[in-house]
Structures are given as structure tokens and as C-alpha cells.
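This report refers to the structure that appears directly beneath it.
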Protein chains: 2
Amino acid sequence: MILGNQVEWALHCMTTLARLPRDRYIPTKVLAEFHGVPKEYLSKAMQALASAGLVDGTLGPKGGYRIAKEANKISLLEIVEAVEGKKKTFNCQEIRFNNPCLKKEHKKKDSVCSIASAMFQADEAWRLVLRTRKLSDIVQDVTDSVPEEILKISDDWILS
Amino acid sequence: MILGNQVEWALHCMTTLARLPRDRYIPTKVLAEFHGVPKEYLSKAMQALASAGLVDGTLGPKGGYRIAKEANKISLLEIVEAVEGKKKTFNCQEIRFNNPCLKKEHKKKDSVCSIASAMFQADEAWRLVLRTRKLSDIVQDVTDSVPEEILKISDDWILS
DNA sequence: TATATTAAGGATAAAATATGTCCCTAATTA
DNA sequence: TAATTAGGGACATATTTTATCCTTAATATA
């Protein structure tokens with residue numbers, strides 16, 4: 001069970017956009033080159049972020065994407081779910097009802113079996129961490145840990 | 001990012017084996033029919049559980065699998081990892097180092113970027129729930145929630 | 001001893017998903 | 001008018017998941 005690469009791309013692109021001036025649109029082409037990932041495929045992830053309302057895109061020259069909300073209003077979970085979908089990590093197939101000893105009246109689907117319940121708890125614990133962590137936290141971490149000079153030349157590279 | 005069905009099968013089979021007398025071996029064929037899953041494929045999951053030391057298998061008539069440890073010594077995480085592997089749910093590709101502004105000396109791989117760090121925290125939260133929950137807890141839940149009569153006829157079906 | 005049963009595991013194949021590319025359209029800027 | 005760009009649809013390739021088949025060696029029992 002491993003997240004697709006698009007999740008990593010989306011998280012980095014969101015962080016990048018969150019660092020830049022809100023009034024500037026950044027084209028997918030630039031985001032792709034900056035992060036060293038295929039432009040066409042990254043474009044799908046950006047579209048997913050746009051349709052989730054996390055970025056907004058605009059057409060034409062000077063077009064591209066910008067952050068649609070403040071970074072402290074965007075959780076990592078929103079980003080992950082925008083790209084990866086909202087399905088739970090455990091897909092209960094209710095195989096307990098395949099028990100050949102059960103009659104129809106016992107196959108009541110109103111309760112969750114304890115195995116699924118435990119797996120859903122684990123899923124929820126994962127989501128809670130991602131829901132709690134905001135994009136602004138990541139931006140802050142980057143600002144604190146990456147040398148100022150590198151941030152500046154990177155921003156200039158993207159905006160030029 | 002969704003777990004494979006084998007995880008659900010393995011959890012149910014482990015629960016089943018944990019409920020039965022320790023001195024009896026249950027063949028894959030019986031486990032497969034009881035849970036309504038394909039025998040040959042379930043066999044792969046059972047082999048994974050065996051090689052992780054969670055069950056032990058024996059050959060020949062009266063052969064099959066039995067629990068290898070006490071149920072309170074087996075966590076759900078062990079079962080999940082036996083079948084699904086131990087890789088983390090987030091596979092960091094370090095795309096931050098693809099930044100065209102970076103020179104070689106800046107590409108020090110000794111630190112974890114804050115995005116990966118957050119994703120690993122979420123992964124760890126997921127694992128913690130599964131590590132804490134023991135197979136014996138599941139067995140207890142089943143005993144408490146499934147009517148005694150159904151448990152009895154199911155056990156008889158499996159052991160006969 | 002002979003036979004049936006079974007785990008272990010290799011080989012293969014089909015199905016589903018992830019990854020990647022190409023191209024067309026409409027909107028927008030210069 | 002021309003260049004640029006998001007939005008998407010169609011398609012292609014790679015990888016993973018799911019599943020089946022077969023061989024081998026061990027074991028119980030008749």
C-alpha cells in the first residue's frame with residue numbers, strides 16, 4: 001500500500017505556490033521543470049488540485065496556477081485526497097458473510113466487524129495527522145531549514 | 001492507496017485459527033472455503049504468514065496451518081506487514097533535489113524534507129494503531145459480538 | 001508399502017491501476 | 001493575429017494485484 005508519486009508532486013507544488021506571491025500564476029511547465037517531473041502527467045495532478053478548489057488556474061500567457069486559499073486553511077489531507085481520492089485505505093469486502101454456516105437472516109450488514117473496525121481506526125489515525133498538519137506548517141519548516149539564498153534564487157527562477 | 005484483499009483474508013484466517021484448538025492444523029482448502037476466497041491465492045498469503053513466523057504449516061493428511069504464537073503476542077501490524085510488506089506508505093523520491101538552482105554540494109541526503117517527515121508521521125500513526133491492537137483483542141470482540149451458536153457451528157464445520 | 005493429502009514455491013496469465021504521452025479546444029494576453 | 005495556457009479526452013506503457021496451474025517433498029493412514 002504505497003501512495004502514488006503524484007501525491008509527492010502535489011505536496012511540493014502546493015508548498016512552492018504557497019511561498020510565492022499570491023497574485024502570480026505559475027504554469028505547469030515551470031512547476032514541472034522546477035521539480036523535475038513530467039509536465040503532462042503533473043498537469044493531471046494540478047487539475048485534480050484545481051477541481052478540489054485548492055488552486056485556481058487561468059488560461060493564456062501569464063496564466064498558470066496559484067494557491068486558492070490561505071496556506072493555514074489547507075491541510076495536507078486535502079492535498080492528498082485531491083490527488084489520491086477519498087477512499088479508505090482498507091476496503092472491507094465483508095468476507096465474514098461468506099461463512100457457509102450462516103443463513104440469510106444472520107447476514108445483517110448493519111454492523112462493522114471488529115477487523116474492519118480496527119483497520120478503519122488505523123486509517124483514521126493516519127488521516128488525523130494529515131488533517132492536523134497545514135500547508136503553512138510545511139512552508140514554515142522550509143523557511144526555517146533551507147538557506148535563505150537558495151530560497152531566493154529558486155523563487156527568482158520560478159518567477160522569471 | 002488501498003490495501004490488497006489478501007490483508008483482509010489474512011486477518012480473518014488468523015482470527016479463525018486463533019479461535020480453534022492449538023493442536024489442530026487447518027488446511028488452506030478449508031480456510032478458503034470457509035471465507036469464500038480462492039484457495040490457490042489464499043495459499044500465497046498463508047505462506048507469507050508462515051514465513052513471518054505467525055503460523056506454522058505442516059504437510060500431509062491432517063496437515064495445514066495453526067497459530068504459531070499466542071494471540072496476545074501477535075499484533076495486527078505483524079499480520080498486515082507479513083502479507084503487504086514493510087515498506088512505508090509514502091515513498092519519498094527526493095524531488096526537492098531536482099531543483100535546477102541547486103548545486104551538488106546542496107544535495108545532502110542526510111536530512112528528511114518536511115513533507116516526507118509529515119507523511120512519515122502519518123504512516124507511523126497508522127502503524128501505531130495496528131501495532132497496539134492484538135489478535136487476542138479481535139478474538140475477544142468476535143466472541144462478544146457473534147452469537148455463541150454461530151461460533152459453535154462454524155468451529156465444528158472447520159474442524160470436521 | 002502404497003496412496004492420498006498437504007505446504008512450499010515456481011511459472012504463467014489476466015485484470016486492474018499507475019504512469020506517461022499526445023492532441024484538441026477555448027480562453028487569455030500581448 | 002499569434003503565442004500561451006488550463007482543461008480534458010484518448011491512448012500507450014509499466015507495474016502491481018489477483019488468480020491459476022504445476023511440481024516437489026513431506027506426512028499420515030490404510
Side-chain angles (χ1 to χ4, degrees), chain A residues 1-10 13 17 23-33 35-68 80 82-85 87 89-91 93 95 158 160, chain B residues 1-10 13 17 23-33 35-68 80 82-85 87 89-91 93 95 158 160:
Chain A
M1 182 183 65
I2 300 178
L3 290 163
N5 294 333
Q6 293 213 348
V7 170
E8 183 179 7
W9 305 353
C13 287
L17 292 178
D23 60 337
R24 289 287 300 268
Y25 290 93
I26 311 298
T28 303
K29 183 169 184 284
V30 172
L31 290 171
E33 285 175 10
H35 294 105
V37 302
K39 173 194 163 232
E40 304 282 4
Y41 195 28
L42 174 63
S43 162
K44 304 299 185 188
M46 297 309 299
Q47 285 173 38
L49 293 172
S51 97
L54 302 179
V55 296
D56 57 62
T58 191
L59 293 173
K62 299 280 176 184
Y65 291 101
R66 68 179 182 191
I67 282 280
V80 170
V83 171
E84 193 78 10
K87 283 184 186 161
T89 55
F90 182 74
N91 175 27
Q93 306 270 45
I95 64 172
I158 292 169
S160 70
Chain B
M1 180 183 68
I2 300 178
L3 289 164
N5 293 334
Q6 291 211 342
V7 170
E8 184 178 6
W9 305 353
C13 286
L17 292 179
D23 61 337
R24 288 287 299 269
Y25 291 92
I26 312 296
T28 304
K29 182 169 187 285
V30 172
L31 290 170
E33 285 176 9
H35 294 105
V37 301
K39 174 195 164 230
E40 305 281 2
Y41 195 30
L42 175 62
S43 162
K44 303 299 185 189
M46 297 309 299
Q47 283 174 41
L49 293 172
S51 96
L54 301 178
V55 298
D56 58 61
T58 190
L59 294 172
K62 300 279 178 184
Y65 292 101
R66 67 179 181 190
I67 283 280
V80 171
V83 170
E84 192 80 8
K87 283 185 186 161
T89 56
F90 182 74
N91 176 26
Q93 305 271 45
I95 63 172
I158 292 169
S160 68

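In what follows, every chain begins at residue 1, and chains take the letters A, B, ... in the order their sequences are listed.
- The distance between atom CG of B:L42 and atom C1' of C:dA8, rounded to the nearest whole Å, is 14 Å.
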Item to check | From CA spacing to verdict: side-chain contact (heavy atoms from CB on, under 4.5 Å), A:E8, B:F90 | outcome: CA-CA 8 Å; A:E8 183 179 7; B:F90 182 74; 3.9 Å; yes
Listing, residues 38-52 of chain B side-chain donor-acceptor contacts under 3.5 Å, not counting sequence neighbours, or none:
| from | atom 1 | to | atom 2 | distance (Å) |
| --- | --- | --- | --- | --- |
| B:S43 | OG | B:Q47 | NE2 | 3.2 |

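- Extent of DNA chain D lying under 4.0 Å from chain A heavy atoms, first and last nucleotide in 5' to 3' order, is D:dA3 to D:dA10.
- Counting only heavy atoms from C-beta outward, the side chains of B:L17 and B:L31 approach each other to under 4.5 Å.
- Taken from CD1 in B:I95 to SG in A:C13, the straight-line distance is 6.5 Å, to the nearest 0.5 Å.
- If A:L59 and B:W9 are placed on DNA chain D by their nearest nucleotide, the residue sitting closer to the 5' end is A:L59.
- Computed from C1' positions of five pairs at each end, the angle between the two local axes of the helix from C:dT1-D:dA30 to C:dA30-D:dT1 equals 10°, rounded to 10 degrees.
- Formation of a donor-acceptor pair under 3.5 Å by the B:E84 side chain with backbone atoms of B:V7 is not found in this model.
- Within the structure, salt bridge (Lys or Arg N to Asp or Glu O under 4.0 Å) contacts touching residues 54-68 of chain B (residues at least two apart or in different chains) are B:D56-B:R66.
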Checklist outcome for this item: Each nucleotide of nucleotides 9-18 of chain C classed B (base within 4.0 Å of a protein heavy atom), S (only sugar-phosphate) or -, in 5' to 3' order, makes BBB------S
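- B:M1 CE to A:L3 CG: the interatomic distance, rounded to the nearest 0.5 Å, is 4.5 Å.
- Listed by chain and number, the residues in a side-chain contact (heavy atoms from CB on, under 4.5 Å) with A:E33 are A:K29, A:W157 (sequence neighbours excluded).
- Atom NZ in B:K29 sits roughly 15 Å away from atom P in C:dA4 (whole-Å rounding).
- Straight-line distance from the CZ atom of A:R24 to the P atom of C:dT29: 14 Å, rounded to whole Å.
- Residues meeting the side-chain contact (heavy atoms from CB on, under 4.5 Å) test with A:L59, sequence neighbours left out: none.
- Closest-nucleotide positions on DNA chain D for A:P27 and B:I2 were compared, and the one nearer the 5' end corresponds to A:P27.
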